[in-house]
Amino acid sequence: MKQTDLKNIFSHYRERAPTIFKNKELLTERFSPGNILHRDPQINQLARIVAPAVGGEKISNTFIFGTVGTGKTLVTRHVTAELEKESPAIKTLYINCKMKRVSDTEYRLLAELVRALGGSVPATGLPTDQVYTRFFSLLEQQKKTTVLILDEVDNIIKNIGDDVLYSLLRVNQDLHDAHLSLIGISNDVQFTDGLDPRVKSSLSEEEIIFPPYNATQLQDILLQRTAEAFQEGVLDRGVVAKAAALAAQEHGDARKALDLLRVAGEVVERQGGQKVLIDHIDSASQKLDTDRTTEVLRTQPKQSLAVLASIITLSGDHGVQTGDVLSVYEKIAASRGLKVLTQRRISDLINELDMLGIISSRVVSKGRYGRTREIRVMLDPALLDKTRKILEENYLLDRLGRFS
DNA sequence: AGTCCACAGGAAGGGCAGGCGA
DNA sequence: TCGCCTGCCCTTCCTGTGGACT
């Protein structure tokens, strides 16, 4: 392509009148509306819990539950931001524990906390207790009531265990001029069941539950945003209702509903269309699913892709067994110059693919013929096709979907 | 009732890379 | 530079397990 062509493309984008979106930002989860709909009880409950901080008192540790896209993070950040405005002696820290390299080890979590308080910690190298000490001394220096929001806190338990939480919950015993309170947010209602009882009781001094939105509530939320997000008259009749209905089927997920509208708008924009129709919501729904999976696959290590290639090669109407996967994997890895990993490691890689939702596996006993895992590929035909292409790009399968 | 299969999956630790502090 | 510490990926060793078979 000539450079002049590039210039044309860019200037076309700059000069053309916006046809679909007025402000796309309103359809992203980064945007926080001034008025949060259908969450008054939860906002009031949380406000009452954190209010004592204004008077310099320590506030109760709080646990917030609710499925994805029910406004937990939005409400928590809204209330704590308002709280911060009330007094200069209050500071809130927000940590998203689901982010990679944040809560996968104790060291990283503590390093993240230190950074949030304005300190610095190397990515690796220090003994963990030194990072603890840095965190405590920074807290003490602040002389403030600090509210620590741990979003998706279940990831900490999964990756590190509950010792860190226990230490964080006890930190007030060593602080003189400061307080630390925790707000834990989780999608998984059952995750506290396995917690150390001491952690469980001090983390859930207060609990707030966020129920899923129903289709009508989702529609209200979408309408609140679409007026400013889209140009006038762009959305065809029934588009908002369709997006709300689809998202309501998926556990009342408002984020999903907003994504559907945004992606549908982007599809129309790219096609040079003028109007978002109901069909575009369906295409958006498919595109969201595909994008998520292909993104996950592209970031997988080669060994993991080699295991997936083995599973796909073997998969048919019946489930595939670990032993078969292993022998095909060994052939693929050896012929591609990869180091051939042991069965133990392959077992873990199969588990990881399962957690990513790419395959589904369950342990079955075949009696005299041993215990194994039965593995099935969980991709629809279109996605499977894309997956094969990614495996081809990595030279793990040929164009016919074989490994030889 | 006992045996045995084909693994699952926990525990411990090796080896390497990256980084700190003396 | 060296000793120490952590993260990460992996191996080795081991115990546990459900159900068909004897």
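Remember, predicted model here, so these are calculated numbers, not experimental data. Per chain, numbering begins at 1; letters A, B, ... match sequence-line order.
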Atom pairs under 3.5 Å: protein N/O with N/O of nucleotides 18-20 of chain C:
{"unit_1": "C:dG18", "atom_1": "N2", "unit_2": "A:G367", "atom_2": "O", "d": "3.0"}
{"unit_1": "C:dG18", "atom_1": "N3", "unit_2": "A:S365", "atom_2": "OG", "d": "2.9"}
{"unit_1": "C:dG19", "atom_1": "O4'", "unit_2": "A:S365", "atom_2": "OG", "d": "3.2"}
{"unit_1": "C:dG19", "atom_1": "N2", "unit_2": "A:G367", "atom_2": "O", "d": "3.0"}
{"unit_1": "C:dA20", "atom_1": "O4'", "unit_2": "A:R368", "atom_2": "N", "d": "2.9"}

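Partners of A:Q42 by side-chain contact (heavy atoms from CB on, under 4.5 Å), not counting sequence neighbours, listed by chain and number: A:R39, A:I208, A:F210, A:P211. Looking at residues two or more places apart in sequence or on another chain, you find a side-chain contact (heavy atoms from CB on, under 4.5 Å) between A:P301 and A:S304. Under the ring-ring contact (aromatic ring centres under 6.0 Å, His included) criterion, A:F136 pairs with A:Y132, not counting sequence neighbours. For A:K24, the salt bridge (charged side-chain N to carboxylate O under 4.0 Å, His left out) partners two or more places apart in sequence, or in a different chain, are A:E266. With sequence neighbours left out, A:L138 forms a side-chain contact (heavy atoms from CB on, under 4.5 Å) with A:V114, A:L117, A:Q141. Residues satisfying the salt bridge (charged side-chain N to carboxylate O under 4.0 Å, His left out) criterion with A:D348, sequence neighbours excluded, are A:R344.
Among pairs with a residue in residues 57-81 of chain A, none fulfils salt bridge (Lys or Arg N to Asp or Glu O under 4.0 Å), at least two apart in sequence or across chains.
If you measure from atom CD of A:Q300 to atom C1' of C:dC9, you get 14 Å, rounded to the nearest angstrom. One can place OH of A:Y132 at 12 Å from P of C:dT6, the figure rounded to the nearest angstrom. For the pair A:R373 CZ and C:dT17 P, the computed distance is 17 Å after rounding to whole Å. Atom P of nucleotide C:dT17 and atom CZ of A:R362 are separated by 19 Å, given to the nearest angstrom. Residue A:D324 contributes atom CG, which lies 12 Å from atom C1' of B:dC7 at whole-angstrom precision. Atom OH of A:Y107 is separated from atom C1' of C:dC8 by 15 Å (rounded to the nearest Å).
When atom types are taken as modelled, the side chain of A:D354 and the backbone of A:I350 share no donor-acceptor pair closer than 3.5 angstrom.
Of the residues in residues 339-355 of chain A, A:Q343, A:R344, A:S347, A:N351 come within less than 4.0 Å of DNA chain B through at least one heavy atom, sorted by number.
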